[in-house]
Amino acid sequence: MLRKATTGLSALLVVAYLLTVAPALSSHPLISNVTYYIMYDPLARSGYASITFNVDVNTTTQFSIQLVNPSYANASFLNATFSNSAAVLVPPSFNSSTGVIDFVANSPTTANVYLLLYDLFQELTPGSYEAVLDFTMFRNTSFTSTITVPGVYQVIARRFDSPTETVSVSYSANTTVITFSSPGLYHVILLVPMNQVSQPSGGAQTVSMPWWVWAVTALLAGTVAAALYYSLRRGRLEVETLPPKRLEEDDVVREIVLALGEAGEEGLRQSELVSITKRPKSSISRRVKRLLEEGYVEVERVGKYNVLKLTEKGVLLYKRLKK
């Protein structure tokens, strides 16, 4: 009882302190020099992310930063450190359902956030995997991102909102390294060559990684395998199929277009589409990617989230389906 009372009193003191500090807390964080590093094993369907960024404030400021788009990946919080720990007035908390980290700082510091990632890449066919990587939340900041994948893969990557944007691929120590130099929404496909390719002699990149990261990944791989086995035994695993050439013939596509059409100008987040249609996240993600590519759907940033809306072409499809 005494501990609960002490905890409650501490929380009240923090709130009282923040309310007395001028100016009021800001909802628009000031961050710069974002470095987003990912190590991910598509075979294990799990990995690790390290996000480093500078906090540029000189007054008490509340930060709410989306680090992961839950429409395209799941994440859980490992740890967060700050170069100037005294600058952080309220310790960070991470919401796995929104991918947002919250904390309060009152002076400059460098933040390092560590996350576990799941379901970043989806299996297309044996030996091929795809992912939609959303870095749009870091627009208007200096940004670099590197993804390290164990094994040698051929990489096909393009940016949805800037198709001419180039992505750098290199190889080192039987590892594929993909580098993104600007924030955006990327589509990445990994392919295992029919004849295993030899690593290029030039452009190699040395990648160092803590030993415990690989240990955590191995543990997660076992957990995922056990969960998959249990799902199969229980008959709860839904087998999804790829959408046909004519999108109108696909039930999932029709459900997505109808839901977006009913939402109108407000649009829907991809996670909301999953809730509305009751379809697997991977099924929705795959169809949304196809609809984006063919110009039926567009992505608009609204506050902390990416919202999907029908384009003019999509509205015409919606009207045909309504008939």
Side-chain angles (χ1 to χ4, degrees), residues 25-41 45-57 61-83 85 87-88 90-105 108-121 131-149 159-161 178-188 209-210 213 216-217 220 269-272 274 281 285 299 301-307:
L25 298 181
S26 169
S27 60
H28 303 287
L30 301 172
I31 64 173
S32 62
N33 298 324
V34 178
T35 301
Y36 203 122
Y37 173 74
I38 297 173
M39 188 284 293
Y40 191 87
D41 186 349
R45 296 177 59 185
S46 57
Y48 154 90
S50 169
I51 305 101
T52 302
F53 53 89
N54 291 340
V55 174
D56 304 320
V57 293
T61 306
Q62 181 178 6
F63 286 81
S64 259
I65 306 171
Q66 186 176 27
L67 300 179
V68 177
N69 187 332
S71 297
Y72 304 123
N74 296 319
S76 60
F77 183 70
L78 274 177
N79 190 24
T81 61
F82 296 86
S83 60
S85 57
V88 182
V90 176
S93 62
F94 181 77
N95 187 328
S96 59
S97 63
T98 61
V100 172
I101 190 169
D102 293 285
F103 62 93
V104 176
T109 184
T110 298
N112 294 277
V113 183
Y114 306 95
L115 304 173
L116 290 177
L117 295 179
Y118 316 87
D119 299 324
L120 183 64
F121 280 84
V132 176
L133 307 174
D134 185 6
F135 301 125
T136 56
M137 62 282 286
F138 300 115
R139 282 177 176 158
N140 303 319
T141 65
S142 53
F143 171 89
T144 58
S145 176
T146 300
I147 298 181
T148 300
V149 181
R159 182 172 162 179
F160 282 123
D161 48 346
I178 311 169
T179 303
F180 308 87
S181 59
S182 61
L185 189 64
Y186 292 88
H187 179 220
V188 178
M209 201 173 309
V213 172
V216 169
T217 301
L220 289 172
R269 286 178 285 156
Q270 191 160 311
S271 57
E272 292 175 317
V274 173
K281 182 187 294 186
S285 176
V299 179
R301 190 73 174 178
V302 178
K304 302 176 185 176
Y305 305 104
N306 287 327
V307 174

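The line from CD1 of I38 to CG of L120 is 5.5 Å long, rounded to the nearest 0.5 Å. Note that the CD1 atom of I51 and the OH atom of Y37 stand 12.5 Å from one another [nearest 0.5 Å]. Interatomic distance, CG of N112 versus OG of S50, reported as 6.0 Å (0.5 Å rounding). Atom CG of L78 and atom CG of L115 lie 7.0 Å apart (nearest 0.5 Å).
A donor-acceptor pair under 3.5 Å links the side-chain atoms of Y36 to the main chain of L67, judged by distance alone. Under a 3.5 Å cut-off, the side chain of Q62 and the backbone N or O of D102 do not form any donor-acceptor pair.
By the side-chain contact (heavy atoms from CB on, under 4.5 Å) test, T35 pairs with T52, T144, sequence neighbours left out. For S182, the side-chain contact (heavy atoms from CB on, under 4.5 Å) criterion is met by R159, E165, Y186, not counting sequence neighbours. Residues passing the ring pair (Phe, Tyr, Trp, His ring centres under 6.0 Å) test with F121, sequence neighbours excluded: Y40. Not counting sequence neighbours, the partners of N79 by the side-chain contact (heavy atoms from CB on, under 4.5 Å) test are T81, Y114. Not counting sequence neighbours, the partners of S142 by the side chain to side chain donor-acceptor pair (under 3.5 Å) test are N33. For D56, there are no salt bridge (Lys or Arg N to Asp or Glu O under 4.0 Å) partners two or more places apart in sequence or in a different chain. Here S97 pairs with N95 under the side chain to side chain donor-acceptor pair (under 3.5 Å) rule; sequence neighbours left out. Residues passing the side chain to side chain donor-acceptor pair (under 3.5 Å) test with S83, sequence neighbours excluded: T109. Listed by chain and number, the residues in a side-chain contact (heavy atoms from CB on, under 4.5 Å) with P183 are F135, F138, R139, F143 (sequence neighbours excluded). Applying the side chain to side chain donor-acceptor pair (under 3.5 Å) test to S145 and every residue at least two apart in sequence or in another chain returns nothing.
When every heavy atom of M137 is checked against every heavy atom of V68, the shortest pair comes out as CE-C, 4.4 Å. Taking both residues in full, the closest heavy atoms of Y118 and S76 are given as OH-OG, 3.1 Å, listed atom of the first, atom of the second, then distance. Contact detail for P70 and T98: the closest heavy-atom pair is CD-O, 3.5 Å.
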Show your reasoning for whether side chain to side chain contact (heavy atoms under 4.5 Å, CB included) applies to F63 and I101.
CA-CA 8 Å; F63 286 81; I101 190 169; over 6 Å; no
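For residues 109-119, the salt bridge (charged side-chain N to carboxylate O under 4.0 Å, His left out) pairs, not counting sequence neighbours, are R45-D119.
Side-chain contact between I31 and I65 is present, with heavy atoms from C-beta onward closer than 4.5 Å. Between F103 and V113, the closest side-chain pair of non-hydrogen atoms is not below 4.5 Å. Contact annotation: the side chain of F180 approaches that of L133 to within less than 4.5 Å [non-hydrogen atoms, C-beta and beyond].
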